[in-house]
Amino acid sequence: MDPCEPWTAKAGNMPTQTSIPPTVILFLLAFIALYGGLNAYLYWSIISGLGEHSLPLVLALTTLVLVPLFVRAFQKSRSGPLLSLIAVLGLYWMGISFIFASISLCIDLIQWIAPTWTNAEALPWLLGIGSAMTLYGFFEARKVGVCRLQVRSPKLPAGTNLRIVQITDLHLGHGTTTAQVRRVIDLIQAQKPDLVVSTGDLFDSNLENLDRHAALLKDLEPPLGKIAVTGNHECYEDLDRAIELTEQAGFTVLRDRSIKASPALCIAGVDDPEALRGRSMDEAERIALTEKSKDAFTVLLKHRPDINSSTVDDFELQLSGHTHGGQIFPFIYLTRLQYRHPHGLSKVAAQTYLFLSRGTGSWGPKIRILAQPAITVIDLERGENLDITVK
């Protein structure tokens, strides 16, 4: 039976109980252990300063820890403004609790090395620094910058003057306002691009209520069109619905294939590993790059910044996202443990470059600290040798 096919009850096959997949159980246990543990540490830090336990604080933190699980369980059947508000509160607390716990850990380390304050004296520092960093992160996440690349290649004909704008990890979903989407669109339009590309995680959550955001993106009409690939979050929610929204927004979705955006420019795109459904990334890239012309300048759109050694010589520039530049310091060090290339421009082979964007939006809490969101403007022109630089 197709696992995606709706199950129909028949005589003799009525289930006696509902089973939960082991992977779901493991995820729930890991989530509660890690996120619950972080909030338990934060509670301990606060009550150490207060000098007494607080039942209301226990109940509040327990509720906030469980909110993401509650939203996940009911978002399909109870989608609406109230659930979206609850989701936003829960997501913001994820970011805020991490900020406060990180500061508390720093204070505890200072106290361990050289005792300076009593717990009661340290509490105002925790609350003050944590609040200031949260406020800063709230505004940084809303200030989208512009990164600029200059590309010169002998594969581009004389007189070429093309401009590509990359967006990535916009994460449209719970908490995204029309005004925020409009600001990004206005910033893109101000660059006067010939082509717009999205390297995944365009849509994130609350997919049944995002038609208005897709309609706004539809109004963005560069001469060479808009091209997108899938990210992991589209797969976590509802891949088919996310692709439907992406196409509704006017994007051509490349799923392991390539197209010619212009006579001398080829755009190849691959699915995120979460969407490959049994195929390897090596196979997906080979399929996508098989169709391209050897004489065309080729840009590979790939959500995650992994470099495949078997195809690295088949394109000139890979555009990726996914890591958000850490989003909230010091997460950047955790992303560097998993992905060897830092955000920005890297030369990964003799004739191949990777540009890893910090992302245009934010996952979860709309908070960023030392990881400003940005769009990427890529100007292409002819050159005697391949040369890609940050302006």
I need the [X] [atom1] to [Y] [atom2] distance, nearest 0.5 Å.
| X | Y | atom1 | atom2 | value |
| --- | --- | --- | --- | --- |
| F297 | L380 | CZ | CG | 5.5 Å |
| D204 | D169 | CG | CG | 9.5 Å |
| T134 | I103 | OG1 | CD1 | 7.0 Å |
| F203 | H233 | CZ | NE2 | 15.0 Å |
| L300 | T199 | CG | OG1 | 10.5 Å |
| L245 | L202 | CG | CG | 8.5 Å |

Treat each ILVMFWY residue as a node, draw an edge where side-chain heavy atoms are under 4.5 Å apart, and state whether [X] and [Y] are in one component.
| X | Y | result |
| --- | --- | --- |
| L170 | I227 | no |
| V197 | V151 | yes |
| L354 | V377 | no |
| L207 | L82 | no |

Requested in this report: Anything under 30° is parallel, anything over 60° is perpendicular, the rest tilted; go ahead and classify H303 against H322.
Outcome: perpendicular
Query raised in the report: Parallel under 30°, tilted from 30 to 60°, perpendicular over 60°: which one fits the rings of Y41 and W44?
Result: parallel
**Report entry** Nearest heavy atoms of Q166 and S320, plus distance in Å
**Finding:** NE2-O, 3.2 Å
Query - Residue of the set D186, L187, I188, V181 for which side-chain contact (heavy atoms from CB on, under 4.5 Å) holds with V184 - result: I188
Query raised in the report: Can we call the ring centroids of F331 and H324 under 6.0 Å apart?
Result: no
Query raised in the report: Does the side chain to side chain contact (heavy atoms under 4.5 Å, CB included) test come out yes or no for V348 and H341, once each step is laid out?
Result: CA-CA 9 Å; V348 294; H341 300 290; 3.5 Å; yes
Query raised in the report: Going by the side-chain hydrogen bond (donor to acceptor under 3.5 Å, both in side chains) test, which pairs reach into residues 46-59, not counting sequence neighbours?
Result: Y43-H53
Query raised in the report: Going by atom types only, do D271 and T230 share a side-chain donor-acceptor pair under 3.5 Å?
Result: yes
Query raised in the report: Any side-chain donor-acceptor pair under 3.5 Å between T323 and T335?
Result: no
Query raised in the report: Would you say L69 and F31 make side-chain contact, with heavy atoms under 4.5 Å?
Result: yes
Keeping [X] on the side-chain end and [Y] on the backbone end, is there a donor-acceptor pair under 3.5 Å?
| X | Y | answer |
| --- | --- | --- |
| S258 | I267 | no |
| S97 | M94 | yes |
| S362 | P365 | no |

Report task. Please list, chain by chain and in numerical order, all residues satisfying side chain to side chain donor-acceptor pair (under 3.5 Å) with Q248, sequence neighbours excluded. Result -> D211
Report task. Could you list the residues that satisfy side chain to side chain donor-acceptor pair (under 3.5 Å) with N39, not counting sequence neighbours? Result -> W93
**Report entry** Candidate pair R142 and R183, rule side chain to side chain contact (heavy atoms under 4.5 Å, CB included), full reasoning
**Finding:** CA-CA 9 Å; R142 284 152 181 79; R183 281 198 296 270; 4.3 Å; yes
Requested in this report: Give the intermediate values and the outcome of salt bridge (charged side-chain N to carboxylate O under 4.0 Å, His left out) for residues D379 and R148.
Outcome: CA-CA 8 Å; D379 290 318; R148 298 183 183 276; 5.3 Å; no
Report task. Would you list the pairs meeting salt bridge (charged side-chain N to carboxylate O under 4.0 Å, His left out) in which at least one residue belongs to residues 149-158, sequence neighbours left out? Result -> R152-E381, K155-E316
Requested in this report: With sequence neighbours left out, write down each residue that passes ring-ring contact (aromatic ring centres under 6.0 Å, His included) with H213, or none if nothing qualifies.
Outcome: none
Report task. Just jot down the ring-ring contact (aromatic ring centres under 6.0 Å, His included) partners of Y353, sequence neighbours excluded, or say none. Result -> none
Requested in this report: Answer yes or no: is there an ion pair linking R241 with E244, defined by an N-O contact shorter than 4.0 Å?
Outcome: yes
Query raised in the report: Please walk me through it: do V229 and V270 pass side chain to side chain contact (heavy atoms under 4.5 Å, CB included)?
Result: CA-CA 6 Å; V229 292; V270 292; 5.9 Å; no
